[in-house]
Amino acid sequence: MISVEGIDGAGKSTHLPWIKELIERTGRYAWSTREPGGTPLGERLREMLLHESMTPLTETLLMFAARREHCQREIWPRLESGTWVVCDRFTDATYAYQGGGHGVDANRIAEIERATLEGFRPDRTFIFDVPANVGRERLAKGRSLDKFEREELAFFERVRATYLARAAADPQRCHVVDGTRPIAVVRSDLEALLRTP
Ligand code: TMP
């Protein structure tokens, strides 16, 4: 399983289809999905999470409720049958957004993670990284913003710092990808990373 992370506007949505394509070029099928979401209930929870005000701990619990549903009904059976899964955000996002961004204690998140996922983690995580102001500028173009996207710059700075700290603490699993570079350069970087066992 590969998860793809980063602050809003870091470019993960641009590169996700490329990651799927690279995997499929090697003859394997890759199922792509997203969080919060990925199941009918998860998508309903996503609507609430992205648009309704709630306490940070409630947000954390709902993220993990959606994640448990996603894992048990969709992700785990696919992994067991040998399908690759590419997930647009996963548990690192909860540490970054609810933890770093909204101040939920990381030990508390870890307890909920243990109870919900029983030690399950992605095999690889690509963290797209851009300075918080760059992510914010990219978001400003076009559509209406959700609850998280409307947060202040300092929030995204904390989210980014948490992602980078998690990457530094788990370098075997996490790869930071500099999202400020041209798309073609990022693509070849991803290709090289996916070739590395
Ligand atoms: P997306 O815009 O990348 O689809 O993600 C939806 C938003 O949900 C994004 O702003 C980050 C937020 N989020 C959390 O706050 N915690 C989480 O655990 C996840 C998966 C997403």
Side-chain angles (χ1 to χ4, degrees), residues 1-20 32-39 41-71 74-75 85-106 108-117 120-122 125-130 132 134-167 174 177 179:
M1 170 159 162
I2 295 174
S3 61
V4 183
E5 299 276 0
I7 62 168
D8 294 85
K12 67 180 174 53
S13 312
T14 308
H15 295 290
L16 238 142
W18 174 244
I19 294 171
K20 179 174 158 68
S32 59
T33 184
R34 69 171 180 183
E35 289 210 346
T39 64
L41 177 62
E43 291 295 328
R44 287 172 68 189
L45 290 170
R46 179 185 177 93
E47 274 307 299
M48 290 180 209
L49 282 159
L50 266 56
H51 301 291
E52 287 182 31
S53 168
M54 59 187 77
T55 71
L57 183 58
T58 305
E59 219 168 70
T60 305
L61 292 165
L62 289 183
M63 290 291 179
F64 273 106
R67 187 162 297 137
R68 173 72 200 198
E69 197 70 10
H70 196 193
C71 283
E74 303 291 346
I75 295 178
V85 174
V86 182
C87 196
D88 185 343
R89 301 193 184 281
F90 200 68
T91 305
D92 294 295
T94 312
Y95 283 94
Y97 280 77
Q98 282 62 55
H102 283 159
V104 178
D105 184 78
R108 200 158 201 199
I109 299 177
E111 272 171 39
I112 302 168
E113 180 187 11
R114 264 193 302 278
T116 314
L117 300 188
F120 175 74
R121 294 232 162 133
T125 299
F126 296 128
I127 299 176
F128 285 84
D129 182 52
V130 296
V134 172
R136 203 183 170 83
E137 272 161 33
R138 287 182 180 170
L139 282 183
K141 296 182 187 116
R143 58 192 180 81
S144 63
L145 303 180
D146 67 41
K147 180 178 99 181
F148 295 103
E149 292 166 335
R150 285 198 304 270
E151 288 278 1
E152 71 216 19
L153 190 62
F155 173 87
F156 290 107
E157 278 163 357
R158 295 194 299 275
V159 172
R160 181 190 185 203
T162 310
Y163 271 133
L164 294 178
R166 286 182 69 74
C174 299
V177 179

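In each ligand, atom 1 is the first atom listed, and ligand 1 is the first ligand listed.
- In this structure, Arg166 is not positioned above the aromatic face of Tyr163 in the sense of NZ or CZ being under 6.0 Å from the six-membered ring centre and within 45° of the axis.
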| request: Might you work through the side-chain hydrogen bond (donor to acceptor under 3.5 Å, both in side chains) test for Tyr97 and Glu59, ending with a clear yes or no? | output: CA-CA 10 Å; Tyr97 280 77; Glu59 219 168 70; over 6 Å; no

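- Remark: the backbone N or O of Val130 is paired with a side-chain donor or acceptor of Arg160 at under 3.5 angstrom.
- In this structure, the side chain of Arg89 engages the main chain of Gly6 through a donor-acceptor pair within 3.5 Å.
- With Phe156 as the aromatic partner, Arg136 does not meet the cation-pi criteria of under 6.0 angstrom to the ring centre and within 45 degrees of the ring axis.
- Within 4.0 Å of ligand 1, protein heavy atoms come from Asp8, Lys12, Glu35, Pro36, Arg46, Leu50, Met63, Arg67, Arg89, Ala93, Thr94, Tyr97, Gln98, Phe148.
- Looking only at distances, a side-chain donor or acceptor of Arg68 sits under 3.5 Å from a matching main-chain atom of Thr116.
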